[in-house]
Amino acid sequence: MKYLKYLLLLAVIGAAVGFYQYNKPHQNMEKADADVTMTATELFQAFEKDELSANETYLDKVVEVRGEVQQVSTNEEGGISLTLNSGNDMFGVICQLDELTEHQRTAFETGEEVTVKGICTGMLMDVVLVRCVVKG
């Protein structure tokens, strides 16, 4: 009986923590301070040179990158992704615009210079930033 009370107490505490984490508000990316500021080429080269070290430095950090728009794409749900030129012919830095933010602009031209801030999720073939906002 004594252990049942402790188990019940732990279950209630676990449920409360889980509920809090599930309903925790998202970080406001427009107001978030960048942990690192660099060019898209510098970010890509850091991952290309030593992915493990780059993961330690940039993974899950707010990164602000500046670069030339190489491609603009829209997914089925209307989400917009910008691919910034990385200096590599095959791959770039993909910046997925934050769907929780109302963006001042959603039209971009290939070749235009932009500054984007987002959370780095690492490198697949491209380096990926999610929840991005365009500065300026």
Side-chain angles (χ1 to χ4, degrees):
M1 189 67 168
K2 183 177 182 181
Y3 293 113
L4 185 60
K5 289 180 185 178
Y6 286 120
L7 272 173
L8 186 59
L9 179 63
L10 284 175
V12 169
I13 290 171
V17 168
F19 181 78
Y20 172 77
Q21 289 296 329
Y22 181 78
N23 290 301
K24 188 168 121 179
H26 290 285
Q27 181 179 18
N28 183 336
M29 290 307 296
E30 290 180 308
K31 295 180 181 177
D33 292 327
D35 296 311
V36 181
T37 300
M38 60 195 338
T39 67
T41 302
E42 292 169 335
L43 180 62
F44 185 84
Q45 287 174 349
F47 275 94
E48 192 172 49
K49 181 180 177 186
D50 185 355
E51 188 173 351
L52 289 175
S53 176
N55 276 333
E56 288 178 17
T57 306
Y58 306 112
L59 196 63
D60 296 326
K61 300 278 192 315
V62 177
V63 179
E64 184 176 302
V65 293
R66 182 177 69 264
E68 176 186 319
V69 176
Q70 188 173 18
Q71 180 181 355
V72 180
S73 57
T74 306
N75 64 24
E76 298 87 37
E77 293 87 36
I80 299 171
S81 293
L82 305 175
T83 303
L84 302 183
N85 188 344
S86 66
N88 182 302
D89 293 336
M90 299 280 293
F91 308 109
V93 176
I94 296 178
C95 305
Q96 299 172 352
L97 295 188
D98 187 10
E99 295 180 8
L100 301 173
T101 301
E102 189 173 321
H103 300 280
Q104 293 178 355
R105 61 183 285 221
T106 55
F108 300 92
E109 298 293 325
T110 302
E112 104 176 77
E113 193 81 16
V114 295
T115 301
V116 179
K117 181 173 52 171
I119 299 171
C120 183
T121 61
M123 181 180 203
L124 300 172
M125 288 189 218
D126 302 283
V127 176
V128 179
L129 300 178
V130 297
R131 302 215 39 237
C132 293
V133 294
V134 177
K135 293 192 65 178

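One is the number of the first residue; the rest follow in order along the sequence.
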Subject >> Minimum heavy-atom distance G67-A40, with the two atoms named >> reply: CA-CB, 4.4 Å

Original post:
Under 3.5 Å, side chain of K117 to main-chain N/O of A32, donor-acceptor pair present?
Top reply: yes

Subject >> Sidechain-backbone polar pair: D126 side chain, V128 backbone, donor-acceptor under 3.5 Å >> reply: no

Subject >> V134 reachable from V36 in the ILVMFWY side-chain graph, under 4.5 Å edges >> reply: yes

Original post:
Closest heavy-atom contact between A34 and E64?
Top reply: CB-CB, 3.8 Å

**OP:** Decide yes or no on side chain to side chain contact (heavy atoms under 4.5 Å, CB included) for V62 and D33, but give the supporting numbers first.
**Re:** CA-CA 7 Å; V62 177; D33 292 327; over 6 Å; no

Original post:
Does V69 belong to the same Ile/Leu/Val/Met/Phe/Trp/Tyr cluster as V65, with side-chain heavy atoms less than 4.5 Å apart forming each link?
Top reply: yes

Subject >> Audit row: C95, L84, side chain to side chain contact (heavy atoms under 4.5 Å, CB included) steps and yes/no >> reply: CA-CA 8 Å; C95 305; L84 302 183; 3.9 Å; yes

Original post:
OG1 of T74 to CD1 of I80: how many Å apart, nearest 0.5 Å?
Top reply: 5.0 Å

**OP:** Specify whether F47 and Y58 have parallel, tilted or perpendicular ring planes, treating 30° as the upper limit for parallel and 60° as the lower limit for perpendicular.
**Re:** tilted

Original post:
Counting heavy atoms not belonging to N75, are there more than 12 under 6.0 Å from its CG?
Top reply: yes

Please list, one pair per line, the donor and acceptor atoms closer than 3.5 Å that link side chains of residues 103-116 to other protein atoms, with sequence neighbours excluded.
| residue | atom | partner | partner atom | Å |
| --- | --- | --- | --- | --- |
| H103 | NE2 | D98 | O | 2.7 |
| R105 | NH1 | E112 | OE2 | 3.2 |
| R105 | NH2 | A107 | O | 3.1 |
| R105 | NH2 | E112 | OE1 | 3.0 |
| R105 | NH2 | E112 | OE2 | 2.6 |
| E112 | OE1 | E109 | N | 2.7 |

**OP:** Verify, without hydrogens or angle tests, whether D35 (side chain) and V63 (backbone) share a donor-acceptor contact under 3.5 angstrom.
**Re:** no

**OP:** Considering non-hydrogen atoms only, spot the tightest contact between V127 and L43 and give its length.
**Re:** CG1-CD2, 3.8 Å

Original post:
CD/E68 to CG/N85 distance, rounded to the nearest 0.5 angstrom?
Top reply: 5.0 Å

Original post:
Do M123 and F91 share a hydrophobic cluster, counting only Ile, Leu, Val, Met, Phe, Trp and Tyr and linking them when any side-chain heavy atoms are less than 4.5 Å apart?
Top reply: yes

Original post:
Can L100 and M29 be said to form a side chain to side chain contact (heavy atoms under 4.5 Å, CB included), step by step?
Top reply: CA-CA 9 Å; L100 301 173; M29 290 307 296; over 6 Å; no

Subject >> Reported CZ-to-CE distance for the pair R66 and M38, which is rounded to 0.5 angstrom >> reply: 10.0 Å

Original post:
What's the spacing between T101 OG1 and K31 NZ if we round to 0.5 Å?
Top reply: 11.0 Å

Subject >> Steps toward side chain to side chain contact (heavy atoms under 4.5 Å, CB included) verdict (S81, Q96) >> reply: CA-CA 4 Å; S81 293; Q96 299 172 352; 3.4 Å; yes

Original post:
So how far is it from L129 CG to T121 OG1, rounded to the nearest 0.5 Å?
Top reply: 7.0 Å

Subject >> Heavy-atom closest pair, residues E30 and E102 >> reply: OE2-O, 4.2 Å

